[in-house]
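Notes follow the structure.
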Amino acid sequence: MTERRRALVLEDQPDLAALFALQLQALGWCVDQVRTEAEVVEAARTQPPDAIIIDTLIPASDGQPLVERIRAGLAGRPCRLIISTIYEPSDFVGVDVDAVLTLPHHRAALEYALLTS
């Protein structure tokens, strides 16, 4: 039996966090949810998941510096970083993420974003 992959979702809106959890679970992933930057950085450092979905509109979010803190916490361990946003993917050129998921999204788009390169 193979171990299920684990995703961490940084989302402050309960409805959207629940949607991500349902979609990820339907794709066979275990899901943990956090609501703050400090929580996602700590989780990346202490219990690195296989993927992290980052809401770009959480209060006090600071984009690229947050991604850099998450990458530093991962210390080179493999993890897909996915931005969830209402903005255009081109707004994130140069940000060290693996995928940009534009909202609203379909589960197929989430599945594609989770694929390893």
Side-chain angles (χ1 to χ4, degrees):
M1 181 178 195
T2 60
E3 187 174 321
R4 287 177 29 154
R5 294 168 295 177
R6 193 168 62 83
L8 179 64
V9 177
L10 170 61
E11 176 57 62
D12 66 327
Q13 295 188 29
D15 290 346
L16 194 49
L19 176 63
F20 274 120
L22 286 171
Q23 289 177 329
L24 287 161
Q25 290 165 351
L27 293 169
W29 289 68
C30 296
V31 182
D32 295 318
Q33 297 179 9
V34 294
R35 294 179 63 126
T36 69
E37 287 189 15
E39 290 173 322
V40 75
V41 170
E42 179 64 13
R45 187 180 65 76
T46 60
Q47 297 177 344
D50 299 295
I52 300 174
I53 298 173
I54 307 162
D55 172 13
T56 59
L57 294 178
I58 62 167
S61 179
D62 59 0
Q64 179 65 26
L66 172 59
V67 170
E68 290 171 1
R69 287 193 304 278
I70 291 170
R71 290 278 187 212
L74 290 167
R77 293 175 288 225
C79 177
R80 299 272 305 161
L81 287 187
I82 301 165
I83 286 183
S84 164
T85 185
I86 61 171
Y87 299 112
E88 293 296 319
S90 60
D91 292 339
F92 299 94
V93 171
V95 178
D96 186 16
V97 294
D98 298 295
V100 177
L101 186 62
T102 305
L103 298 173
H105 70 278
H106 294 280
R107 188 174 82 183
L110 174 60
E111 186 172 18
Y112 184 77
L114 291 166
L115 295 175
T116 57
S117 50

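No experiment lies behind these values; they were computed from the predicted model shown.
Taking the side chain as every heavy atom from C-beta outward, Val67 and Val97 approach each other to under 4.5 Å. Leu103 places none of its side-chain heavy atoms less than 4.5 Å from the side chain of Thr85. Counting heavy atoms from C-beta on, the side chains of Leu114 and Leu27 come closer than 4.5 Å. Between Ile53 and Leu110, some side-chain heavy-atom pair lies under the 4.5 Å cut-off. In this structure, the side chains of Leu10 and Ile70 stay at 4.5 Å or more apart for every pair of heavy atoms. Inter-residue side-chain proximity for Val31 and Phe20 is flagged as unmet; no heavy-atom pair is nearer than 4.5 Å. Counting heavy atoms from C-beta on, the side chains of Asp55 and Leu16 never come closer than 4.5 Å. Looking at Asp96 and Leu81, their side chains never come closer than 4.5 Å, going by heavy atoms from C-beta outward.
Note: Arg45 CZ to Arg69 CZ = 14.0 Å, rounded to the nearest 0.5 Å.
Using modelled atom types, one finds a donor on one side chain and an acceptor on the other under 3.5 Å when comparing His105 with Gln23.
Note: Tyr87 and Phe92 have tilted aromatic rings, judged against thresholds of 30 and 60 degrees for the angle between ring planes.
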Item to check | Candidate pair Val95 and Ile83, rule side chain to side chain contact (heavy atoms under 4.5 Å, CB included), full reasoning | outcome: CA-CA 10 Å; Val95 178; Ile83 286 183; 4.1 Å; yes
Item to check | Derivation of the side chain to side chain contact (heavy atoms under 4.5 Å, CB included) call for Ile54 and Ile82 | outcome: CA-CA 6 Å; Ile54 307 162; Ile82 301 165; over 6 Å; no
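Residue Cys79 comes nearest to Asp98 through the heavy atom pair O-OD2, 3.4 Å, listed as atom of the first residue, atom of the second, then distance. Here the closest heavy-atom approach between residue Cys30 and residue Arg4 is recorded as SG-NE, 3.2 Å. Nearest heavy atom pair, residue Ala17 against residue Gln33, reads O-NE2, 3.2 Å. Here the closest heavy-atom approach between residue Ala44 and residue Pro49 is recorded as CA-CD, 4.5 Å. Here the closest non-hydrogen pair linking Asp12 and Pro14 is O-CD, 3.4 Å. Taking every heavy atom of both residues into account, Val100 and Pro89 meet most closely at CG1-CA, 3.9 Å.
At a threshold of 4.0 Å, the pair Glu68-Arg71 does not count as salt-bridged, since none of the basic side-chain nitrogens sits closer than that to a carboxylate oxygen. Asp50 has no carboxylate O lying under 4.0 Å from a charged side-chain N of Arg80, or vice versa, which leaves the two without a salt bridge.
Remark: the backbone N or O of Pro48 is paired with a side-chain donor or acceptor of Arg6 at under 3.5 angstrom. No side-chain donor-acceptor contact under 3.5 Å links Glu42 to the backbone of Glu39. Remark: side-chain polar atoms of Glu11 are paired, donor with acceptor, to backbone N or O of Gln13 under 3.5 angstrom.
In the hydrophobic clustering of ILVMFWY residues, with side-chain heavy atoms under 4.5 Å counting as a link, Ile86 and Leu66 come out together.
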